[in-house]
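Below, chains carry the letters A, B, ... as their sequence lines are ordered, and counting in each starts from 1.
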2 protein chains.
Amino acid sequence: MAAHEQYEELARQLSAIGAVKRGLNRALPPQCPPAAAFTLSMLRRYGELRMSRIAELLDVDMSVTSRHVAYAAEHGWLDRKPDPLDKRSRLVTLTPEGEALLDEVSARCVDALAHCLRDWSDDDVGLLNGLLARLREGFGECRTPRAPERQPAGPPARTPA
Amino acid sequence: MAAHEQYEELARQLSAIGAVKRGLNRALPPQCPPAAAFTLSMLRRYGELRMSRIAELLDVDMSVTSRHVAYAAEHGWLDRKPDPLDKRSRLVTLTPEGEALLDEVSARCVDALAHCLRDWSDDDVGLLNGLLARLREGFGECRTPRAPERQPAGPPARTPA
DNA sequence: TATTGTTATACTCTATAACTATA
DNA sequence: TATAGTTATAGAGTATAACAATA
């Protein structure tokens with residue numbers, strides 16, 4: 001259990017890290033919004049996926065996934081075909097055009113990171129990656145039950161603020 | 001200098017960390033958008049600030065800052081008074097109402113983090129905070145010169161894509 | 001009846017550009 | 001002329017709810 005100040009600082013850092021994401025996004029090719037790039041990268045990593053699985057991986061509502069995938073399909077970066085085993089589902093796969101775009105995206109992002117983080121060691125980056133993954137895991141598990149009004153119903157004995 | 005794969009992974013982690021931010025945002029009080037909370041926290045940390053300085057701290061355009069500050073002012077969370085030394089500027093300060101809101105925000109965020117990250121040590125959180133701060137620094141310095149088309153002027157020998 | 005996916009709507013955040021007021 | 005700040009507009013991302021098709 002870490003100290004109060006540490007958590008406050010982490011909350012601030014998470015708010016502020018958006019600037020880094022925006023900086024990285026500016027390196028993306030035109031016509032390729034960040035969410036599309038991320039969707040494609042999940043397809044490359046995991047292969048053929050159903051919409052619902054993509055939504056899980058992106059950690060967004062399926063309605064959002066539907067938009068992103070539709071956009072990428074319009075640009076020819078991926079294909080959607082009906083699942084023969086369940087006609088409600090659609091199976092999404094990367095096209096060669098999508099692969100090529102992803103190569104370009106990856107190269108640009110790696111260039112930007114390698115430039116800005118040129119004084120980072122391999123261990124530094126690995127450590128940050130590990131901590132970020134662990135942070136997401138921790139959050140994925142408890143799933144923040146929608147603003148619980150601080151103490152839903154019970155003696156105020158557990159979290160003395 | 002870290003490996004190619006490490007940077008790719010970092011790019012993915014940064015894309016995915018938005019889910020944690022959204023989770024944390026859901027813990028915020030009603031009527032308090034994340035950007036307002038972050039603005040208030042900067043005022044508490046640094047005291048009276050000019051608009052342009054807030055824009056720097058938030059790492060967004062001043063037009064964006066202007067909106068956030070105006071929203072917070074409408075809700076009585078901060079005051080804006082003209083700078084006597086430069087009548088173009090406005091000095092922004094936290095009100096008691098803003099302080100109170102910030103206390104509430106802080107408590108909720110710390111609660112959520114303490115719950116989700118209950119198996120993290122003080123050192124773990126400190127390490128992550130430090131790495132995130134360093135990441136922002138590194139990015140702030142090079143400032144990603146707006147999608148430089150990869151190779152501004154040179155032989156096409158590096159990225160065939 | 002429950003689930004998969006799509007679409008409509010609304011909200012938040014951001015950048016660019018045009019504008020006002022002051023330096 | 002240059003700078004501080006505001007406002008209008010447009011683009012990207014997300015969630016909720018209503019809907020269609022299938023299980």
Practice item. Starting at atom CG of A/Asn25, determine the distance to atom P of C/dT14, rounded to an integer number of angstrom. Key: 12 Å
Exercise for review: Give a yes/no on whether any side-chain N or O of B/Arg26 is located under 4.0 angstrom from OP1 or OP2 of C/dT12.
Suggested key: no
Practice item. Take the protein atom CG of A/Asp61 and the nucleotide atom C1' of C/dA10, then report the distance between them rounded to whole Å. Key: 14 Å
Check your understanding: Can you tell me how far C1' of C/dT7 sits from CE of A/Met51, to the nearest Å?
Key -> 12 Å
Check your understanding: With a 4.0 Å cut-off, would you call A/Asp124 and B/Arg134 a salt bridge?
Key -> yes
Review point. Given atom CZ of A/Phe38 and atom P of D/dA12, what is their separation to the nearest angstrom?
Key: 19 Å
Practice item. With salt bridge (charged side-chain N to carboxylate O under 4.0 Å, His left out) as the test, would you mind laying out the steps for A/Arg45 and B/Glu9 before giving the verdict? Key: CA-CA 11 Å; A/Arg45 168 172 265 188; B/Glu9 175 64 15; 3.1 Å; yes
**Study point:** Rounded interatomic separation in angstrom, taking OH from A/Tyr71 and P from D/dG11
**Key:** 11 Å
Practice item. Name the nucleic acid region contacted by B/Val64, choosing base, sugar-phosphate or nothing; use a 4.0 angstrom heavy-atom cut-off, strictly under. Key: base
**Study point:** salt bridge (charged side-chain N to carboxylate O under 4.0 Å, His left out) contacts in which one or both residues fall within residues 84-95 of chain B, not counting sequence neighbours
**Key:** B/Asp86-B/Arg88
Study note, to complete from the structure: Shortest non-hydrogen pair, B/Met42 vs B/Leu49, comes out as O-CD1, 4.0 Å
Review point. Quick one: which of D/dG13, C/dT7, D/dT7 gets closest to the side chain of A/Ser66?
Key: C/dT7
Review point. In residues 83-93 of chain A, what residues come within less than 4.0 Å of DNA chain D, judged by heavy atoms?
Key: A/Asp86, A/Lys87, A/Arg88
Review point. If you take all heavy atoms of A/Pro29 and A/Leu101, which pair is closest and at what distance?
Key: CG-CD1, 4.0 Å
Exercise for review: Taking only the side-chain nitrogens and oxygens of A/His68, find out if one of them lies under 4.0 Å from OP1 or OP2 of D/dT14.
Suggested key: yes
Exercise for review: Decide if atom CZ of A/Arg67 counts as having more than 12 heavy atoms of other residues, nucleotides or ligands within a radius under 6.0 Å.
Suggested key: no
Review point. Within this structure, what is the CG-to-P distance between B/Asp59 and C/dT14, rounded to whole angstrom?
Key: 10 Å
Practice item. Mind checking A/Arg53 for me? I need base, sugar-phosphate or nothing, with any heavy atom below 4.0 Å counting as a touch. Key: nothing
Exercise for review: Would you tell me if any nitrogen or oxygen in the side chain of A/Arg22 comes within less than 4.0 Å of OP1 or OP2 on C/dA15?
Suggested key: yes
**Study point:** Length of the line joining B/Leu28:CG and D/dT14:C1', which is rounded to integer Å
**Key:** 15 Å
Review point. Which pair of non-hydrogen atoms, one from B/Ala27 and one from B/Arg108, has the smallest distance, and what is that distance?
Key: O-CD, 2.7 Å
Check your understanding: Can you check the B/Arg50 CZ to C/dA21 P distance for me, whole Å?
Key -> 19 Å
Exercise for review: Measure distances between side-chain N and O atoms of A/Ser63 and base N and O atoms of D/dT16, and say whether any donor-acceptor pair falls under 3.5 Å.
Suggested key: yes
